[in-house]
2 protein chains.
Amino acid sequence: MRRIRDAAIARFARDGFGVGLRAIAVDAGVTAGLVVHHFGSKDGLRRACDDQMLATVRAEKTKALTDGTGTMLLAQMAMVERYAPMVQYLLRSMQSGGDLAAKLTEQMTADAEEYLAAGEAAGVVRPGRDRAARARYLSYQNTGSMLLWFTLHGANAEPEEFPQLFRQYVEDLALPALELFTEGLLVDRSMLDEYLMYVPDPPAGDADNPAR
Amino acid sequence: MRRIRDAAIARFARDGFGVGLRAIAVDAGVTAGLVVHHFGSKDGLRRACDDQMLATVRAEKTKALTDGTGTMLLAQMAMVERYAPMVQYLLRSMQSGGDLAAKLTEQMTADAEEYLAAGEAAGVVRPGRDRAARARYLSYQNTGSMLLWFTLHGANAEPEEFPQLFRQYVEDLALPALELFTEGLLVDRSMLDEYLMYVPDPPAGDADNPAR
DNA sequence: GGACGCGTTGAACGGGTGTTTAATCTGTGT
DNA sequence: ACACAGATTAAACACCCGTTCAACGCGTCC
């Protein structure tokens with residue numbers, strides 16, 4: 001049963017969730033009928049895989065540094081070749097957009113907000129006008145960028161070259177990201193000030209949209 | 001023939017590229033056989049749709065302002081309800097990652113670089129150390145963020161509520177983005193300087209990786 | 001020792017897919 | 001009026017899908 005689930009994770013990661021039950025069954029050395037007998041349906045199997053991945057991520061997160069956007073966490077995990085299939089699975093999940101993807105981005109946003117708060121308290125992060133919005137922005141930008149990269153260049157990659165590709169991705173982005181974070185992009189504040197003139201200060205009392 | 005192609009674009013946009021030929025045929029008021037007779041295969045139909053979208057985008061781009069990341073262009077197009085299905089189609093394309101998606105991101109990156117150069121020349125954009133890398137970073141971040149948002153919250157939306165959702169997305173991101181662009185995120189330069197100490201200056205003579 | 005339960009199989013089912021084929025309809029030129 | 005070409009259709013084909021079902025092997029317990 002665990003072997004079936006692990007084979008499913010590997011297959012889903014490699015070929016996406018459209019892959020057939022029989023292919024998974026062959027990988028696990030069993031029959032398609034047995035798979036659905038154990039997991040009820042293909043969706044049940046997917047749910048079991050999702051649960052396992054969520055548990056793994058949660059466990060691994062406590063062991064590793066994270067910048068709240070998930071990039072560092074996933075990057076570190078992808079470096080360790082053992083975890084590469086899991087990272088691929090997570091990106092496939094983002095690609096198809098199910099419950100797991102929603103939970104992950106939600107959690108990344110929450111983590112980002114936490115890290116922003118810690119950074120502000122430590123005096124290394126410049127406080128913003130709406131921390132929640134900023135956290136959402138950062139996690140969406142970073143996760144989405146990773147997702148797009150994966151869809152365009154990583155989805156068809158062989159599992160053994162995946163860590164190398166991921167490393168390249170992170171390295172390519174390091175300089176522009178650091179530059180933007182420390183120096184900004186614009187020379188003067190006119191655009192921001194104009195925006196602030198026309199829009200009421202953002203965190204205006206309404207603190208109700210947990211996950212849009 | 002044009003009616004078939006337009007129906008296919010609408011269906012693809014609404015339900016993704018996994019939708020059956022027969023559904024498209026019914027929408028167009030014809031038979032599945034006729035579709036493949038005209039376009040050779042489902043893939044041929046998809047290619048015809050992609051070509052049409054690429055032409056439309058190229059045509060529309062000359063008429064509208066763009067920030068080089070595509071966000072503004074797509075946002076404006078989504079506002080005009082007439083174009084909402086096209087925007088959905090483009091996002092579906094990004095989601096599945098074919099030739100069109102690659103071409104679009106490539107073009108967005110090129111546009112971004114152009115706009116960065118213009119901004120630097122006009123004195124509103126702070127020059128960076130590697131303009132190409134910066135352009136790639138910005139276009140991937142913005143496009144990817146949009147893609148993730150669409151996958152999580154917009155893919156199942158009804159076409160008539162899509163423009164409103166898109167508007168909300170853009171508004172939610174405006175403040176954190178402007179803040180980051182004008183003020184940066186970090187208080188001091190230590191992180192950037194440390195990075196620059198360990199990595200040779202990036203545009204070190206090698207100007208050969210057109211689209212990674 | 002027989003009955004039960006569980007893991008497991010292979011074949012079948014029903015449905016959906018893209019594509020093919022033969023026939024029909026329709027219009028147009030000669 | 002006839003023939004030819006293109007549009008169009010309905011049916012069939014071959015395949016893959018997820019799921020169901022009846023049977024079998026095998027250990028355990030009473």
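These values consider heavy atoms only, across backbone and side chains, with no hydrogens, waters or symmetry-generated copies. Worth saying up front: this structure is predicted, and the values here are computed from it rather than measured.
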TODO: Estimate the overall bend of the helix from C/dG15-D/dC16 to C/dT30-D/dA1 from the end axes over five pairs each, rounded to 10 degrees.
DONE: 20°

Open item on the list: For A/L104 and A/L54: C-alpha separation, side-chain torsions, deciding distance, then whether side-chain contact (heavy atoms from CB on, under 4.5 Å) applies.
Closed with: CA-CA 8 Å; A/L104 283 174; A/L54 197 59; 4.1 Å; yes

Open item on the list: Can you tell me which residue among B/D111, B/T109, B/T105 is in a side chain to side chain contact (heavy atoms under 4.5 Å, CB included) with B/S139?
Closed with: B/T109

Task: B/Y89: ring-ring contact (aromatic ring centres under 6.0 Å, His included) partners, not counting sequence neighbours - done: B/F17

Task: Test item: A/R134 side-chain N/O and B/L180 main-chain N/O as donor-acceptor pair under 3.5 Å - done: no

Task: Partners meeting side chain to side chain donor-acceptor pair (under 3.5 Å) with A/T151 (sequence neighbours left out) - done: A/Q95

- [ ] State which residues pass ring-ring contact (aromatic ring centres under 6.0 Å, His included) with A/F150; sequence neighbours excluded, sorted by chain then number.
- [x] none

Task: By side chain to side chain donor-acceptor pair (under 3.5 Å) - contacts of A/E114 (at least two apart) - done: none

- [ ] If a pair satisfies salt bridge (Lys or Arg N to Asp or Glu O under 4.0 Å) and one of its residues is in residues 155-165 of chain A, list it, with sequence neighbours excluded.
- [x] none

Open item on the list: Can you build the contact string for nucleotides 9-28 of chain D? Use B for base contact, S for sugar-phosphate-only contact, and - for no protein heavy atom under 4.0 Å.
Closed with: B--B----BBBB--------

Open item on the list: Below 4.0 Å from chain A heavy atoms, what is the first contacting nucleotide of DNA chain C and what is the last?
Closed with: C/dT8 to C/dA12

Open item on the list: Check this for me: does any side-chain nitrogen of one of A/E120 and A/R131 sit under 4.0 Å from a carboxylate oxygen of the other?
Closed with: yes

- [ ] Tell me which residues in residues 7-15 of chain B put a heavy atom below 4.0 Å from DNA chain D, sorted by number, or none.
- [x] none

- [ ] Applying side chain to side chain donor-acceptor pair (under 3.5 Å), name anything that partners B/S145, two or more places apart in sequence or on another chain.
- [x] B/Y169

Open item on the list: For residues 25-39 of chain A, which residue pairs pass the side chain to side chain donor-acceptor pair (under 3.5 Å) check, not counting sequence neighbours?
Closed with: A/R11-A/D27

Task: Residues in side chain to side chain donor-acceptor pair (under 3.5 Å) contact with B/R46, at least two apart in sequence or another chain - done: B/S96

- [ ] Provide, to the nearest angstrom, the distance between the NE2 atom belonging to B/H38 and the C1' atom belonging to D/dG6.
- [x] 9 Å

